Amino acid sequence: MRIMIREFHDINLRDRNSFRVAQRAAHLVEFDTADDLRQLFAAGVPARWTVLAGGNNILFTEDYDGLLLTPAARGIEPIAERDGTVLVRVDAGVEWDDLVAWAVDRELWGLENLSLIPGKAGAAPVQNIGAYGCEAKDAIERVRLYDVATGEERTLEASECGFGYRESVFKHDLRGRVVITAIEVRLSRTPQPKLGYGDVEREVEARGGATLRNIREAICAIRRTKLPDPAVLGNAGSFFKNPVVARAAAEALQARWPGMPLYPAADPDKAKLAAGWLIDKAGLKGHAEGRVGVHERQALVLVNRGGATGGEVIAFARKVQAAVRDRFGIDIDTEVNIL
Ligand code: EPU
């Protein structure tokens, strides 16, 4: 059997993480299939390994002395169609936004609000990526994975993935146990525009109405005005999660801080606060210390202003958390995976 892996030793990770920190990894393997992984692990599983997909939601705070696995396969293949619903198999190494563009080009609905999210398709289920009122879980039908302990390929149905706000079983029970090799997404030929979030409707109307192409363009435009391009300014998108707190506590805060945004949470007794607003109102938007800063246009995003180490970023992040705790009594957790 042909193994399609590419191996690197003592490799600089700067071009493999969107924060652009220059930490090193002892060993990195790019793989295509579960067979590649089976052969790679045939002689034993290394003591320390993890998946590094696009590196868009990860912060290396030190050199990594283990094995990093990077999915490389990039196939997108429709596998079934019924009653206007199309099931598409997507290899883990596909750029997420290439998948969204692929769907929009074919007039298939379901992913357009998730336009321009950096990262690979195989990483999408891990934190259940989301934006503008949609989450990956709304489209993911099942996840294909390689089980490191057994060497078998397995399939998890969406209902088994433990999806929640920036949550899944892959961050918990299955962490360090499986490698996602592909996802299957369910797309629709029937228009189903979701325009309820923020400026989306206005931006879509300005482009002439709710076509797939207009929605994609509107979302891309909104993201470009708020979020820094990692190719220009190192960052990992939202550094923190929006905190979910008891509804009563959220309402008490809102009474004290009129104008504070409040969103419904999955649990009706809870509410989601906007961490970006909290950081902003703690006076930190645009604040920088040395080579790290809070982005000027979206306070939820921390940026590498050039040459920062992962250690500098995390030290700065701790200060941001402390400032929000001091001002509002709210703890904000990191969304980014800290290694
Ligand atoms: N806000 C401020 N100041 C700021 C940032 C935000 O006042 O500096 C306010 C906004 O005015 C708005 C509210 O906070 O009232 C929410 O802001 P926004 O709509 O920009 O969204 P967010 O909650 O900050 C989340 C996601 C983003 C996603 C946007 C749009 C998380 C952790 N982040 O951000 O996802 O693009 O919604 O749906 O849930 C990511 O995960 O990397 C990411 C970029």
Side-chain angles (χ1 to χ4, degrees), residues 17-19 53-59 96-97 100 111-120 123-138 163-168 171 194-203 215-216 218-230 233-245 250 253-254 257-266 271-287 293-303 317 320-321 323-324 327-328 330-337:
N17 74 97
S18 62
F19 249 119
N56 294 280
N57 200 48
I58 198 161
L59 177 66
W96 176 264
D97 195 55
V100 179
L111 303 178
E112 56 285 355
N113 286 37
L114 304 180
S115 287
L116 215 61
I117 295 183
K120 288 180 184 271
V126 177
Q127 62 150 332
N128 179 25
I129 59 171
Y132 307 103
C134 291
E135 292 183 329
K137 76 169 172 61
D138 305 333
F163 286 132
Y165 166 62
R166 296 298 194 271
E167 281 295 351
S168 77
K171 289 172 82 171
K194 296 205 177 62
L195 310 180
Y197 189 101
D199 300 335
V200 175
E201 180 152 26
R202 196 176 60 215
E203 290 289 328
I215 295 172
R216 174 164 168 77
I219 299 277
C220 289
I222 294 169
R223 289 187 73 92
R224 286 200 180 98
T225 61
K226 288 198 176 165
L227 297 166
D229 178 354
L233 195 60
N235 75 90
S238 302
F239 195 88
F240 304 100
K241 288 204 267 191
N242 286 328
V244 176
V245 302
L253 264 180
Q254 202 181 40
W257 303 88
M260 185 187 81
L262 247 189
Y263 303 97
K272 189 154 78 176
L273 306 179
W277 186 93
L278 297 170
I279 296 166
D280 189 345
K281 292 299 178 281
L284 292 178
K285 194 170 187 166
H287 172 71
V294 175
H295 186 52
E296 288 133 5
R297 293 193 303 272
Q298 166 49 295
L300 202 44
V301 178
L302 302 189
V303 295
V320 172
Q321 288 172 314
V324 168
R327 164 95 28 133
F328 299 102
I330 297 283
D331 286 319
I332 52 172
D333 291 336
T334 57
E335 196 230 80
V336 169
N337 185 10

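Keep in mind that what you see is a predicted model, and the values were worked out from it rather than measured. Both counts, for ligands and for their atoms, begin at 1 and track the order of listing.
Expressed to the nearest 0.5 Å, how far CG of Asp97 lies from CD1 of Ile117 amounts to 8.5 Å. Rounded to the nearest 0.5 angstrom, Asn113 CG and Leu195 CG are separated by 7.5 Å. The distance from the CD1 atom of Ile332 to the CD1 atom of Ile279 is 4.0 Å, given to the nearest 0.5 Å. Distance check: Trp96 CH2 to Lys120 NZ gives 14.0 Å after rounding to the nearest 0.5 Å.
Put simply, the side chain of Asn128 does not reach to within 4.5 Å of the side chain of Glu167, judged on heavy atoms. For the pair Pro243 and Leu278, the minimum side-chain heavy-atom distance is below 4.5 Å.
Close to ligand 1: Arg166, with a non-hydrogen atom less than 4.0 angstrom away. The shortest separation from a heavy atom of Arg223 to ligand 1 is under 4.0 Å, placing the residue in contact.
Selection from Ile332, Leu227, Leu300 by nearest heavy atom to atom 34 (O) of ligand 1 gives Leu300.
Each of the atoms 12 (C), 13 (C), 15 (O), 16 (C) of ligand 1 lies under 4.0 Å from some heavy atom of Tyr263. Close approach of ligand 1 to Lys226 is summarised as follows: ligand atoms under 4.0 Å from at least one heavy atom of the residue are 20 (O). Interface atoms of ligand 1 facing Tyr165, defined by a heavy-atom separation under 4.0 Å, are 31 (C), 32 (C), 39 (O). Atoms of ligand 1 lying under 4.0 Å from at least one heavy atom of Ala299, given by number and element, are 4 (C), 5 (C), 8 (O).
The side chain of Lys285, and not its backbone, has at least one atom closer than 4.0 Å to an atom of ligand 1 (non-hydrogen atoms only; side chain from C-beta on). Residue-level proximity to ligand 1 for Ala274 is carried by the side chain, the only part with a heavy atom below 4.0 angstrom. Under 4.0 angstrom from ligand 1, there are no non-hydrogen atoms of Phe239. Here Ala131 has heavy atoms under 4.0 Å from ligand 1 in both its backbone and its side chain. Contact annotation for Phe240 and ligand 1: only backbone heavy atoms (N, CA, C, O) come within less than 4.0 Å of the ligand.
Polar contact with ligand 1: absent for Gly237 (N/O pair, distance under 3.5 Å). Checked by distance only, ligand 1 and Lys241 stay at 3.5 Å or farther apart across all their nitrogen or oxygen atoms. Looking at Gln298 next to ligand 1, an N or O pair under 3.5 Å apart turns up.
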Result block: side-chain N/O donor-acceptor pairs under 3.5 angstrom for residues 295-303, not counting sequence neighbours:
{"from": "His295", "atom 1": "NE2", "to": "Lys226", "atom 2": "O", "distance (Å)": "3.3"}
{"from": "Arg297", "atom 1": "NE", "to": "Thr225", "atom 2": "O", "distance (Å)": "2.4"}
{"from": "Gln298", "atom 1": "OE1", "to": "Leu300", "atom 2": "N", "distance (Å)": "3.0"}

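For atom 11 (O) of ligand 1, the nearest protein heavy atom lies 4.0 Å or farther away.
Residues satisfying the ring pair (Phe, Tyr, Trp, His ring centres under 6.0 Å) criterion with Tyr165, sequence neighbours excluded, are absent altogether.
When atom types are taken as modelled, the side chain of Glu112 and the backbone of Arg216 share no donor-acceptor pair closer than 3.5 angstrom. Judged purely by atom type and a 3.5 angstrom limit, Lys281 has no side-chain atom pairing as donor or acceptor with the backbone of Arg327.
Note: Phe328 and Trp277 have tilted aromatic rings, judged against thresholds of 30 and 60 degrees for the angle between ring planes.
For atom 38 (O) of ligand 1, the nearest protein heavy atom (residue, atom name, distance) is Tyr132 N, 2.6 Å.
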